[in-house]
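First comes the structure, then the notes that go with it.
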Amino acid sequence: MGFNEEVLRLAGKIPKGKVTTYKEIAKKLKTKAYRAVGNALNANKQPVIIPCHRVVKSDGSLGGYCGVMNSKKKKFLLEKEGIKVKGNKIADFSKKRFRFKK
DNA sequence: AGTCGAGCGCGCA
DNA sequence: TGCGCGCTCGACT
C-alpha cells in the first residue's frame, strides 16, 4: 500500500455532503507532504471512487481541479451535495468540514 | 496583512 | 536522475 493508495482510500471515506482538506489527509498519514496528497489525487487510477471534489484547501478554497474535471464542475458537484460555495471557496466550510477518525 | 521560501512523496521527462 | 506539483506553514517585510 503506497502513499497515494492511502490518500485515495481516505478520500473515498469522505461522507456525502462533507469536505476535507489535504492537510487532514496528510496528518492522518503522519506526513508533511501536503503537496503529495494533491498529487496523489491527480495521479489516481480510479477517479470514480475518489470524490476529489470533496477535498479542498485548508482555507476553504476549492484548490485546483480534479484530473479532467475543471473547477467549475467541482463547484457544481459540491453545491449539489449541499455544500454552499462562494466564488471558489466553501461558504460554511467549518461546518461541513469532515475530520478523519484518529 | 501580504509575500516569499522551504519541505514533503510521487510522477513524469 | 532531477524537478515540479492540485499545499501548508513559518518568517520576514
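Naming convention: chains lettered A, B, ... in sequence-line order (proteins, then strands); numbering from 1 in each chain.
Here the nucleotide nearest the side chain of A:Thr21, chosen from C:dG6, C:dG4, C:dT8, is C:dT8. The side chain of A:Asn4 lies closest to B:dC10 when the candidates are B:dC10, C:dT8, B:dG9.
Of the side-chain N and O atoms in A:Thr31, none sit less than 4.0 angstrom from OP1 or OP2 of B:dC8.
Between A:Tyr34 and A:Phe3, the residue anchored nearer the 5' end of DNA chain B, judged by the nucleotide with its closest heavy atom, is A:Tyr34. Toward the 5′ end of DNA chain C lies the nearest nucleotide of A:Cys52, the other residue of the pair A:Cys52 and A:Lys27 mapping further downstream. Nearest-nucleotide positions on DNA chain B for A:Ala43 and A:Ala33 put A:Ala33 closer to the 5' end.
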If you apply the rule salt bridge (charged side-chain N to carboxylate O under 4.0 Å, His left out), what do you find for A:Glu81 with A:Arg54, and how did you get there?
CA-CA 9 Å; A:Glu81 307 229 338; A:Arg54 293 185 197 151; 2.9 Å; yes
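Within 6.0 Å of CZ in A:Phe76 there are 12 or fewer heavy atoms belonging to other residues, nucleotides or ligands.
Atom CD in A:Glu5 sits roughly 17 Å away from atom P in B:dG9 (whole-Å rounding). When the C1' atom of B:dT3 is taken as reference, atom CG of A:Asp59 falls 15 Å away, rounded to whole Å. Across the protein-nucleic acid pair, A:Lys57 atom NZ and C:dC5 atom P stand 14 Å apart, rounded to whole Å. Counting to the nearest Å, the P atom of C:dG6 and the CG atom of A:Asn39 are 8 Å from each other. Between the CG atom of A:Leu41 and the P atom of C:dG6 there is a distance of 12 Å, given to the nearest Å. The distance between atom CG of A:Asn44 and atom C1' of B:dG11, rounded to the nearest whole Å, is 13 Å. Atom CG of A:Asn88 and atom P of C:dG6 are 15 Å apart (whole Å). The CD1-P distance, from A:Ile25 to C:dC5, rounds to 20 Å in whole Å.
Residue contacts for A:Gly64: at a heavy-atom cut-off of 4.0 Å it reaches the sugar-phosphate backbone alone, with no base atom in range.
Between A:Tyr22 and A:Lys57 there is a side-chain heavy-atom pair separated by less than 4.5 Å. Put simply, the side chain of A:Ile90 reaches to within 4.5 Å of the side chain of A:Leu78, judged on heavy atoms.
Hydrophobic cluster membership differs between A:Ile14 and A:Val19, with clusters built from Ile, Leu, Val, Met, Phe, Trp and Tyr side chains linked at under 4.5 angstrom.
Pairing for B:dC8 is absent, judged as Watson-Crick or G-U wobble with the two contacts each under 3.5 Å. The partner of C:dG6 is absent, by the rule that a Watson-Crick or G-U pair needs both atom distances under 3.5 Å.
Judged by distance alone with a 3.5 Å cut-off, a donor-acceptor contact links the side chain of A:Arg35 to the base of B:dG7.
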